[in-house]
Amino acid sequence: MQDSHGRTVDYLRLSVTDLCNYRCRYCMAPDGVEKRSHQEILSVEECVEIGAAAAACGVKKIRLTGGEPLVRRGILDICRGLRAIPELEELCLTTNGSLLPALALPLREAGVDRLNISLDTLLPDRFSSITRLGRLEEALAGIRAAEAAGFQNLKLDTVLIGGFNDDEIQDFVNLTVDHPWEIRFIELMPMGPCADWERDCFLPGQTVLQKVPALEKITSQGVARRYRLPGSAGTVGLISPLSRNFCGECRRIRVTADGKLKGCLHSRGEISLRGLHGAALETAVRKGILQKPRQHHLEDRPSDTPRNMNQIGG
Ligand code: SAM
Ligand code: SF4
């Protein structure tokens with residue numbers, strides 16, 4: 001359905017947990033999140049019910065996210081339940097990849113169509129430093145497991161951080177020469193732990209084109225401007241929420257792991273979906289779509305949301 005600014009909303013990002021086995025410096029506090037009781041987090045049944053209500057409102061694509069969705073107990077049941085919704089065209093999942101060696105095949109069998117795997121550096125020491133708890137080899141093993149399980153068109157999501165990984169841009173782009181992956185460079189957004197980071201950390205996506213002038217423009221996909229090295233197997237995507245605000249093309253709504261519908265990642269506005277079923281749930285989702293804010297204000301100030309990214313899902 002359309003929101004009140006004439007945008008078609010057909011994409012739901014559903015967070016299934018705010019917990020994570022990593023503590024990425026820009027996303028989470030070092031000591032993680034306070035563990036919440038089971039009742040505070042959406043049950044498997046609620047996740048599926050919300051997915052079905054969203055589909056009834058015109059959502060065609062659902063992405064599961066978190067926190068780390070693969071630490072969520074019942075994740076395969078959630079996938080199976082969502083996949084059984086007839087109107088749903090695509091079920092995707094964003095993960096740090098660390099648990100894919102055990103879960104890639106079960107996820108495929110549970111009906112997940114596509115995976116995005118986050119990878120901010122190709123250097124082991126940097127990887128451990130930015131994730132605080134992770135090892136690069138885990139993420140690389142996850143990518144291999146995803147391919148072995150038959151996931152195609154993998155997208156690798158790299159948050160651009162000035163002074164951290166801008167010297168690796170060429171190395172990331174080189175991965176697309178032999179691998180049919182899309183390397184997606186995402187601008188760091190000022191929120192939660194990184195809201196007050198130095199300005200130099202926030203690089204525009206254009207930096208990638210300056211560092212790799214050989215990239216040639218190809219068709220855009222969703223909010224990603226896309227490029228390719230001539231003759232390469234894969235592609236490069238630039239997602240630039242700050243330097244090229246794409247709010248006018250935004251098709252998304254979000255639901256947090258505690259059941260709050262957000263029309264915009266960066267707004268304070270939330271509608272609670274807990275305890276709602278059937279027609280009442282659908283009405284609340286419609287209301288959330290209609291109230292979707294026109295745009296964020298990251299150009300002027302840090303994100304308005306008091307939540308960290310792990311509590312929304314990216
Ligand atoms: N744990 C999973 C992962 O890391 O892929 C899924 C959740 S994570 C919150 C989703 C995405 O948001 C990741 O690619 C992460 O790098 C990105 N992210 C987190 N904080 C961000 C920020 N401040 N700006 C831009 N991207 C951010
Ligand atoms: Fe966890 Fe993903 Fe946040 Fe990193 S970005 S701390 S992996 S939720």
Side-chain angles (χ1 to χ4, degrees), residues 13-33 62-72 75 92-100 103-104 107 112 114-121 126-136 138-139 142-143 146 154-162 164-165 172 182-198 201-205 223-224 237-246 252 254-257 262 264-266 296 298 302-314:
R13 295 178 69 102
L14 176 59
S15 173
V16 293
T17 180
D18 53 4
L19 300 177
C20 187
N21 54 344
Y22 288 179
R23 300 279 183 274
C24 297
R25 288 176 189 276
Y26 49 79
C27 179
M28 281 179 87
D31 43 359
V33 290
I62 296 180
R63 175 175 300 282
L64 298 176
T65 176
E68 173 47 47
L70 301 189
V71 305
R72 165 68 202 251
I75 183 66
C92 309
L93 185 142
T94 294
T95 171
N96 63 30
S98 60
L99 300 176
L100 283 176
L103 283 171
L107 285 169
V112 175
R114 284 200 303 104
L115 291 178
N116 284 39
I117 302 175
S118 300
L119 185 67
D120 293 335
T121 172
R126 282 189 189 178
F127 189 90
S128 300
S129 166
I130 195 80
T131 61
R132 292 198 182 100
L133 298 177
R135 286 188 308 114
L136 176 64
E138 296 164 346
I143 294 169
L154 282 185
K155 292 187 175 149
L156 303 193
D157 291 341
T158 302
V159 178
L160 270 178
I161 309 173
F164 172 71
N165 59 6
F172 271 110
E182 177 151 305
I183 305 288
R184 293 162 66 116
F185 293 99
I186 302 170
E187 289 178 356
L188 179 68
M189 293 177 273
M191 55 193 294
C194 68
D196 57 0
W197 283 12
E198 303 268 325
C201 297
F202 297 87
L203 292 179
V223 297
L238 300 185
I239 303 188
S240 309
L242 281 119
S243 68
R244 287 198 176 216
N245 179 319
F246 46 71
R252 307 162 177 202
R254 297 175 153 82
V255 174
T256 62
K262 287 179 71 67
C264 171
L265 175 57
H266 298 292
H296 66 63
L298 290 182
S303 182
D304 291 333
T305 179
R307 292 176 181 261
N308 288 355
M309 196 66 121
N310 70 297
Q311 296 169 312
I312 310 174

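Excluded from the calculations below are hydrogen atoms, water molecules and symmetry mates; all remaining heavy atoms, backbone and side chain alike, are included. Counting starts at 1 for both ligands and their atoms, in listed order. Everything numeric in this text was worked out from a predicted model, so none of it was measured.
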Can you list the ligand 1 atoms lying under 4.0 Å from a non-hydrogen atom of [X]?
| X | result |
| --- | --- |
| C194 | 23 (N) |
| N96 | 2 (C), 3 (C), 5 (O) |
| T65 | 6 (C), 7 (C) |
| E187 | 25 (C) |
| G66 | 7 (C), 9 (C) |
| G67 | 1 (N), 2 (C), 6 (C), 7 (C) |

Say whether Y26, considering both its backbone and side-chain N or O atoms, lies within less than 3.5 Å of an N or O atom on ligand 1.
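Checking ligand 1 against Y26, an N or O pair does fall under 3.5 Å apart.
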Checking the N or O distance criterion of under 3.5 Å, is ligand 1 in contact with E68?
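Yes.
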Of the options L103, I117, L70, which is the one that meets L93 in a side chain to side chain contact (heavy atoms under 4.5 Å, CB included)?
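Exactly one candidate clears the test, L70.
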Can you find a heavy atom in the side chain of R132 that is under 4.5 Å from one in the side chain of C24?
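In short, these two side chains do not touch, never coming nearer than 4.5 Å.
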Closest by any non-hydrogen atom to atom 20 (N) of ligand 1: pick that one out of M309, K155, M189.
M309
If we ignore angles and hydrogens, is there a donor and acceptor under 3.5 Å between the side chains of [X] and [Y]?
| X | Y | result |
| --- | --- | --- |
| E68 | T17 | no |
| T256 | Q311 | no |
| N116 | D157 | yes |

Among all the protein's non-hydrogen atoms, which is closest to atom 17 (C) of ligand 1, and how far away is it?
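For this ligand atom, the closest protein heavy atom is V159 CG2, 4.2 Å.
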Shortest protein contact, atom 14 (O) of ligand 1 (heavy atom only):
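For atom 14 (O) of ligand 1, the nearest protein heavy atom is S118 OG, 2.7 Å.
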Around atom 1 (Fe) of ligand 2, how many protein N, O or S atoms are found at less than 2.8 Å?
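Considering protein N, O and S only, atom 1 (Fe) of ligand 2 has 1 within range.
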Ligand 1 versus T95: contacting region, heavy-atom distance under 4.0 Å:
backbone
For a quick test of reading the model, state the closest non-hydrogen atom pair linking S128 to G134 and the distance between them.
OG-O, 3.2 Å
By side-chain contact (heavy atoms from CB on, under 4.5 Å), C264 pairs with (sequence neighbours left out) H266, S267, P293, H296
Can you tell me how far the SG atom of C194 sits from the CD1 atom of I161, to the nearest 0.5 Å?
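Atom-to-atom, C194:SG and I161:CD1 are 8.0 Å apart.
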